[in-house]
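Take a look at the structure below.
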Amino acid sequence: MWLRVSTVTLIVVLLYGGGVHVYQLAVDGWPPYAWAPPWLAAYFTALTVLDPLAAILLWTRRPAGAYLAAAVLVTDALANAYATYVLLEPEPLARIGQAVITALAVVAIATARTGHRRSATARTGHRRSATAPMSSADADAEDT
């Protein structure tokens with residue numbers, strides 16, 4: 001149940017994030033994020049595509065969606081931490097936003113790991129005991 005709730009939460013958050021980046025591009029014009037170094041501005045601009053792409057992949061239950069969501073949210077948390085604590089004067093709201101993004105990154109990692117284990121179980125048709133030796137089929141399933 002928690003996997004479904006976390007997946008839906010991530011989809012909503014990623015669609016919201018993509019919408020925010022589209023809004024910022026529309027309102028602030030080009031080049032966006034003039035206050036940021038070029039590499040950071042390019043990353044935030046790329047989220048205009050990456051956020052909705054991860055959401056769509058999650059919605060269609062593609063394993064790549066969980067991994068892309070985790071990668072996007074982890075790197076977004078790092079980028080926002082840099083912007084909040086290095087480039088800008090950290091305001092209370094920015095600190096809260098940073099904490100939320102970091103928590104969502106942790107949820108995305110947990111979701112990707114759990115989803116990977118469940119899809120491996122579905123492919124092999126059985127669960128491996130934590131104490132049982134791993135068969136070559138289990139090892140192959142975990143590698144994919």
Interatomic distance, [X] atom [atom1] to [Y] atom [atom2] [nearest 0.5 angstrom]:
X: I56; Y: L15; atom1: CD1; atom2: CG; result: 7.5 Å
X: L57; Y: I11; atom1: CG; atom2: CD1; result: 10.0 Å
X: T75; Y: N80; atom1: OG1; atom2: CG; result: 9.5 Å
X: L78; Y: Q98; atom1: CG; atom2: CD; result: 8.0 Å
X: R62; Y: L68; atom1: CZ; atom2: CG; result: 13.5 Å
X: W35; Y: D28; atom1: CH2; atom2: CG; result: 10.5 Å

Test of understanding: clusters of I, L, V, M, F, W, Y form through side-chain heavy atoms closer than 4.5 Å, transitively. Do [X] and [Y] belong to the same one?
X: L58; Y: L53; answer: yes
X: V13; Y: V100; answer: yes
X: I101; Y: I109; answer: no

With the side chain counted from C-beta on, respond yes when [X] and [Y] share a heavy-atom pair under 4.5 Å apart, and no when they do not.
X: W30; Y: T45; value: yes
X: L25; Y: F44; value: no
X: D76; Y: Y43; value: yes
X: L87; Y: L40; value: yes

Backbone of A81 reached by a side-chain donor or acceptor of T84 within 3.5 Å
no
Original post:
Parallel, tilted or perpendicular for W39 and Y82, by the 30°/60° rule?
Top reply: tilted
Do you know the tightest heavy-atom contact between [X] and [Y]?
X: S6; Y: T111; value: OG-OG1, 3.0 Å
X: L47; Y: P52; value: O-CD, 3.7 Å
X: A41; Y: P32; value: CB-O, 3.8 Å

Inset, instruction - Decide if atom OH of Y85 counts as having more than 12 heavy atoms of other residues, nucleotides or ligands within a radius under 6.0 Å. - result: yes
query: Would L73 and L10 satisfy side-chain contact (heavy atoms from CB on, under 4.5 Å), going step by step from the backbone distance to the final call?
result: CA-CA 9 Å; L73 287 167; L10 291 173; 3.5 Å; yes
